[in-house]
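Because only heavy atoms are used, hydrogens play no part in the values below, and waters and symmetry mates are left out as well, while side chains stay in.
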Amino acid sequence: MYKTLSLLFIIIFSFQAKLIGQQKNTYIKAGFLYDSKNNILLKNKLIQIQGTKIVAISEFKSVPKNSKVIDLTEYTVLPGLIDAHTHVLFSQEAHEDFAEHSIHTLTMESDALRALRGAKRAKSYLDEGITSIKDLGNSGLYLDVALRDAINEGTIEGPRIFASGPILAANGGQVYGVLPKHQNIIDLEYRIITSPEDGKNAVRDHVNQNVDVIKICADNIPNKTYLTIDEMKSIVNTAHSYQLKVTAHCVTNQSAWNAIEAGVDGIEHGFNLADSTLVKMAEKKIFLVPTENSKTYMHTYAKLANYNENNLGWIDGYMDRMTKRLQRAIEKGVPIVAGSDNYTDIKVSRGKSSKDMFRYYLEAGMKPLDILQSSTYISAFQLGKEHEIGAIKATANADIIAVKGDIMHDFIATIENVVFVMKDGKIYTHTTH
């Protein structure tokens, strides 16, 4: 019996090795290549790709005859970008109330329709060179997991999705104003936690549904409930035992402090973080995803929401506070991960809307390469996937894009001018011909 199994294993292994050996190499000639780990641009590099993986990075040299060569010598070649805070299964108009629209979605929009709409939004990220996204809830009962699996099996095209499943939250989730007799509707969108032990069970449920990351609401403003430190500790400890990261939605400074005490890996939003909290995050290497938008986006949003055009002074004040918050975080050494959180329809594709975050980060004083690192290597590292995505290096997935322009001196125009997109070795966009 053992001899038969051993022989079968040898035959299968030999067959697989032969198949790998037969895979044709593709070579990309990069005029500039962004080394995301070291945060530098390298000139004239050759990327060797076999199947779905990067095999090697070398200097320009002659390639084997009859090899496929993609000439990107006139462009800057980057790892596929990562948006670390998305909600592809949810969308609302600027003028709509979040709670009312959530209830409408849950009661009057089928899961099938919601998933199909999500698939279209997901594809738009790939069009923009965003080859991976972290999808953090507001996605029904694991529709994000289903969408991820459909993309992975090739049924539809889209970015690599890291799915959280339903957000773990205190009573009411983030849907406010629901009458007591209808609170069960919220269970279709959030996993409500009632105790530390229930927190453990929630994580186990998510593990069995094959989520990639755990998302919690440390606070759920404008609802007035919040997860306790003990509940969050139970969630974090259980998640970590299954090698899952935990990231926490936080609006208030106190909720962020509590989440940090509980051992979370990241803070989403963090609009009101105090210096003492930022110091603690830096010490513990807890990442921050500052989900902000540019001034242009904010004015577009205000117009679509029918705000009074003569009463928009609050935008400047808000942008100033958020800029200072981001600068304080960077000064104190908090790892910054790029995430958009754009689920409002501003009349462009979701992927294009997502890239507005780059404009915000630049306006807030981040340097172009630092922005790129936050949307590639640092993001991948915080997911525990730095050897697979977020970097162009040997053994990584062949997620590679190219942009046209001067990345250092004309960052926004360049990052928006994507001319080449490859994910897992497959080319989705190639307009350099």
Legend entry - Side-chain H-bond candidate by donor/acceptor type, Gln209 with Asp205, under 3.5 Å: no
Inset, instruction - Measure from the side-chain N and O atoms of Lys355 to the backbone N and O of Glu128, and report whether any donor-acceptor pair falls under 3.5 Å. - result: yes
Legend entry - Any donor-acceptor N/O pair, Ser340 side chain to Met357 backbone, under 3.5 Å: no
Inset, instruction - Scan side-chain atoms only and decide if Lys53 and Asn397 contain a donor-acceptor pair under the 3.5 Å cut-off. - result: yes
Legend entry - Ser294 side chain to Asp356 side chain, donor-acceptor N/O pair below 3.5 angstrom: yes
Legend entry - Test item: Glu388 side-chain N/O and Lys385 main-chain N/O as donor-acceptor pair under 3.5 Å: no
Inset, instruction - Please answer whether the main-chain N or O of Arg121 pairs with a side-chain N or O of Ser124 as donor and acceptor at a distance below 3.5 Å. - result: yes
Inset, instruction - Determine whether more than 12 heavy atoms belonging to other residues, nucleotides or ligands lie under 6.0 Å from atom NZ of Lys233. - result: no
Legend entry - Those residues that, when tested against Ala302, pass side-chain contact (heavy atoms from CB on, under 4.5 Å) (two or more places apart): Tyr307, Leu312, Ile315
Inset, instruction - Determine yes or no for a side-chain-to-main-chain donor-acceptor pair under 3.5 angstrom, with Asp219 supplying the side chain and Ser255 the backbone. - result: no
Inset, instruction - Decide side chain to side chain contact (heavy atoms under 4.5 Å, CB included) for Phe420 and Ile427; before the verdict, give the C-alpha distance in whole Å, the side-chain angles of both, and the deciding distance to 0.1 Å. - result: CA-CA 8 Å; Phe420 178 84; Ile427 298 172; 3.9 Å; yes
Legend entry - Heavy-atom side-chain proximity of Ile216 to Val236 below 4.5 angstrom: no
Legend entry - Verdict with reasoning, Glu74 to Lys29, per salt bridge (charged side-chain N to carboxylate O under 4.0 Å, His left out): CA-CA 9 Å; Glu74 300 298 316; Lys29 298 179 75 173; over 6 Å; no
Legend entry - Stepwise side chain to side chain contact (heavy atoms under 4.5 Å, CB included) check, Asp370 with Ile330: CA-CA 10 Å; Asp370 292 340; Ile330 292 171; over 6 Å; no
Legend entry - Check: Arg350 side chain, Tyr125 main-chain N or O, donor-acceptor pair, under 3.5 Å: no
Inset, instruction - Look at the side chain of Ser379 and the backbone N and O of Thr376, then say whether any donor-acceptor pair between them is shorter than 3.5 Å. - result: no
Inset, instruction - Evaluate the ring planes of Phe271 and Tyr318, with Trp represented by its six-membered ring, and classify them as parallel (under 30°), tilted (30 to 60°) or perpendicular (over 60°). - result: tilted
Inset, instruction - Return yes if a side-chain donor-acceptor contact under 3.5 Å exists between Asp71 and Thr73, otherwise no. - result: yes
Legend entry - Side-chain donor or acceptor of Asn220 paired with backbone N/O of Gly173 under 3.5 Å: yes
Inset, instruction - State whether the side chain of Gln373 and the backbone N or O of Lys37 hold a donor-acceptor pair below 3.5 Å, judged by distance alone. - result: yes
Inset, instruction - I would like to know whether Arg117 and Lys120 meet side chain to side chain contact (heavy atoms under 4.5 Å, CB included); could you show each step before the answer? - result: CA-CA 5 Å; Arg117 288 172 173 169; Lys120 181 179 179 180; 5.9 Å; no
Legend entry - Ion pair check, Arg359 and Glu416, cut-off under 4.0 Å: yes
Inset, instruction - Apply side chain to side chain contact (heavy atoms under 4.5 Å, CB included) to the pair Tyr301 and Asn293, showing each step before the final yes or no. - result: CA-CA 10 Å; Tyr301 174 87; Asn293 293 108; over 6 Å; no
Side-chain donor-acceptor pairs under 3.5 Å in residues 134-160, sequence neighbours left out?
residue: Asp135; atom: OD1; partner: Thr86; partner atom: OG1; Å: 2.7
residue: Asp135; atom: OD1; partner: His87; partner atom: N; Å: 3.3
residue: Asp135; atom: OD1; partner: Val88; partner atom: N; Å: 2.9
residue: Asn138; atom: OD1; partner: His87; partner atom: ND1; Å: 3.4
residue: Asn138; atom: ND2; partner: Tyr190; partner atom: OH; Å: 2.9
residue: Ser139; atom: OG; partner: Asp144; partner atom: OD2; Å: 3.4
residue: Tyr142; atom: OH; partner: His206; partner atom: ND1; Å: 3.0
residue: Asp144; atom: OD2; partner: Ser164; partner atom: N; Å: 3.4
residue: Asp144; atom: OD2; partner: Gly165; partner atom: N; Å: 2.8
residue: Arg148; atom: NH1; partner: Asn210; partner atom: O; Å: 2.6
residue: Arg148; atom: NH1; partner: Asp212; partner atom: OD1; Å: 3.3
residue: Arg148; atom: NH1; partner: Asp212; partner atom: OD2; Å: 2.9
residue: Arg148; atom: NH2; partner: Asn210; partner atom: O; Å: 3.1
residue: Glu153; atom: OE2; partner: Thr155; partner atom: OG1; Å: 2.6
residue: Arg160; atom: NH1; partner: Asp399; partner atom: OD2; Å: 2.4
residue: Arg160; atom: NH2; partner: Asp424; partner atom: OD1; Å: 2.7
residue: Arg160; atom: NH2; partner: Asp424; partner atom: OD2; Å: 3.1

Legend entry - Inter- and intrachain pairs under side-chain hydrogen bond (donor to acceptor under 3.5 Å, both in side chains), touching residues 260-287, at least two apart: His85-Glu268, His240-Asp265, Thr247-Glu268, His249-His269, Asn253-Thr277, Glu261-Lys280, His269-Thr291, Asp275-Arg328
Legend entry - Which residues share a salt bridge (charged side-chain N to carboxylate O under 4.0 Å, His left out) with Lys393, sequence neighbours left out: none
Inset, instruction - State the NZ-CD1 distance between Lys352 and Ile130, to the nearest 0.5 angstrom. - result: 10.0 Å
Inset, instruction - Look at Asp316 together with Lys295 and state whether they make a salt bridge at an N to O cut-off of under 4.0 Å. - result: yes
Inset, instruction - Indicate yes or no for a side-chain donor-acceptor contact from Tyr361 to the backbone of Pro290 under 3.5 Å, with no hydrogens or angles considered. - result: yes
Legend entry - Sequence-distant partners of Thr105, side-chain contact (heavy atoms from CB on, under 4.5 Å), two or more places apart: Phe90, His101, Glu109, Arg114
Legend entry - Heavy atoms of other groups near Tyr226 OH, more than 12 under 6.0 Å: no
Inset, instruction - Take Asn417 and Tyr75, measure what side chain to side chain donor-acceptor pair (under 3.5 Å) needs, and give me the verdict at the end. - result: CA-CA 10 Å; Asn417 193 359; Tyr75 308 95; over 6 Å; no
Legend entry - Set of residues satisfying ring pair (Phe, Tyr, Trp, His ring centres under 6.0 Å) with respect to Phe60, sequence neighbours excluded: none
